[in-house]
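A short worksheet on the structure shown next.
What's counted below: heavy atoms across the whole structure, side chains too, no hydrogens, waters or symmetry copies. Each chain gets a letter, A, B and so on, in the order its sequence line appears, and its residues count up from 1.
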2 protein chains.
Amino acid sequence: MKQASEQLSTAPKETVREDDRVCVDLRIVLLTVANGQLLVAVLPGAERWQLPRGIPFAGVPLDSAARSLIRESTELHEQYLEQLYTLSVRDADRWIIVVSYLALIATDGGLPEPMANWQPADTVSLSEADTKVLEYAIVRLRAKLGYTTIAYHLMPESFTLSELQASYESVVGLSLDKRNFRRRVIASGMLESLPEKRRDGSHRPAQLYRFRADHDPAAFLTPSWAGDA
Amino acid sequence: MKQASEQLSTAPKETVREDDRVCVDLRIVLLTVANGQLLVAVLPGAERWQLPRGIPFAGVPLDSAARSLIRESTELHEQYLEQLYTLSVRDADRWIIVVSYLALIATDGGLPEPMANWQPADTVSLSEADTKVLEYAIVRLRAKLGYTTIAYHLMPESFTLSELQASYESVVGLSLDKRNFRRRVIASGMLESLPEKRRDGSHRPAQLYRFRADHDPAAFLTPSWAGDA
DNA sequence: CCAAAAGTGTTCTCGATACACCCATGT
DNA sequence: ACATGGGTGTATCGAGAACACTTTTGG
């Protein structure tokens, strides 16, 4: 019932009975940005929405379990998956262990096929535990946006700098200075400009960019967004 | 066997059999600093040392389980406990889920009673999984040292600035500039000076400090230590 | 008077911020 | 010609890093 070697020496005082074993529950915060809103994938629950969830099988690594959970919620493959945190929450009369993941999906303008429902991340109504997990996911995403190239996973193949800035703004919830934003994002070296421009309305066409194939996903951009409106 | 409500709606395709349930194993990285070395608490294992570990019981929150594990390794109460990461590792023919914690204990000069063994963190020989966990713990501790007052949990009640600097240096593994270090740590406002000084040898006595009772544990110090020797 | 650690200030560089106007296009 | 979003440059400020000498004590 337990695997051998290592953990016998300091095993807890009593033997583990079968139903003393803890329950592990995976929860996925699957985010995307569309029309200037940060959206989260949710499924209908008893009374409220709930995050996509599931119980991992033994014999399967956690990340794979998370990935297959996502494949049940959307037909698009996620672009990015990162473990968030493991918390224990009271559920009925037991404590269950919730392992939470952050996943990102790029939009190509429209929404990814929603087998799940997409709800605005700032207003969706979830259980207490799910709300905590969602909030933490947003904190992490905001932080990483500042010093990594994680935005890559939220953008389509090519985009204008204004579109990139709009995505940043929907995630951080602030408006940023156009000139400073461009300087930073260009200076970071994570982008390359494409030969084409996009004509889009009765105004000057916009240069298109994409993320460089070799962009370092851990590359530092610059760590602070403070100070703007 | 499973608790009701929430997770039925997206339950995995097949029903969960009893022994499909995953095993969860807690591991604690318990660190301290003594005589200029970063030490980790370990227990004798089959061939190598191993991190204190144990299986959490259902019905007990994870953090409590971690705390009681620590109480089995040392008589001192830990000063600080923080969850690190949850990873799945292959063990025999199953994947087990390892939830890792970072704990800190202050030294008062000598070592805390070692029911566990204290080994230098940079040379101790552990299993592959334990090594990964230890390395990650050190990365986290180093990072947090830069922008939080986490050092508090490694220091005795009162100390000199040189002692504090020495602790920082043993953790980050770099030597720091004395003047810059002092300026930063003073400017951060996390310390207060005591009326006493410590006479210590044939040289000028050193001012004693302690952490302010109301120091904000999340207070920013300053995020980088680069550039020194 | 010598050894040993404590303590102290200034200069420089660089990244972050604030801020306002001209450009290309469609109607 | 005008409305619309695209695109650009400069001045200021503050944080971090580099760097060397004086002070106080005990022996």
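Per the geometry, NZ belonging to B/Lys178 stands 13 Å off P belonging to C/dG9, to the nearest Å. Atom CG in B/Asp177 sits roughly 14 Å away from atom P in C/dA6 (whole-Å rounding). A/His203 places its NE2 atom 22 Å from the P atom of D/dA1, with the value rounded to the nearest Å. Following rounding to the nearest Å, A/Arg204 (CZ) and D/dC2 (C1') show an atom-to-atom distance of 17 Å. The CG atom of B/Leu161 sits 20 Å away from the P atom of D/dT23 (whole-angstrom rounding). Rounded to an integer number of Å, the gap from CD1 of B/Ile186 to C1' of C/dG7 is 11 Å. Atom CG of A/Asp200 is separated from atom C1' of D/dT4 by 11 Å (rounded to the nearest Å). Look at CZ on B/Arg198: it is 16 Å from C1' on D/dT25, rounded to the nearest Å.
Here B/Tyr168 and B/Phe181 bring their ring centres to under 6.0 angstrom of each other. Residues B/Phe159 and B/Phe211 place their aromatic rings such that the two centres sit under 6.0 Å apart.
Judged by distance alone, the side chains of A/Glu82 and A/Tyr80 do bring a donor and an acceptor atom under 3.5 Å apart. Judged purely by distance below 3.5 Å, without hydrogens or angles, the side chains of B/Arg182 and B/Ser162 pair a donor atom with an acceptor atom. Between the side chains of B/Arg183 and B/Ser188, no donor-acceptor pair is found at a separation under 3.5 Å.
The residue among A/Arg183 and A/Gly201 whose nearest nucleotide of DNA chain C lies closer to the 5′ end is A/Arg183.
The B/Arg179 side chain lies nearest to C/dG9 when the options are C/dG9, D/dT25, D/dG6. Nearest nucleotide to the A/Arg182 side chain, out of D/dT24, D/dT8, C/dA24: D/dT8. Checking D/dT25, C/dT25, C/dA6 against every side-chain atom of A/Pro205, the shortest atom distance belongs to C/dT25.
A donor and an acceptor atom sit less than 3.5 Å apart, one in the side chain of B/Asn180 and one in the base of D/dA18.
Across all strands shown, A/Ser162 has heavy atoms under 4.0 Å from sugar-phosphate atoms exclusively, and none from any base.
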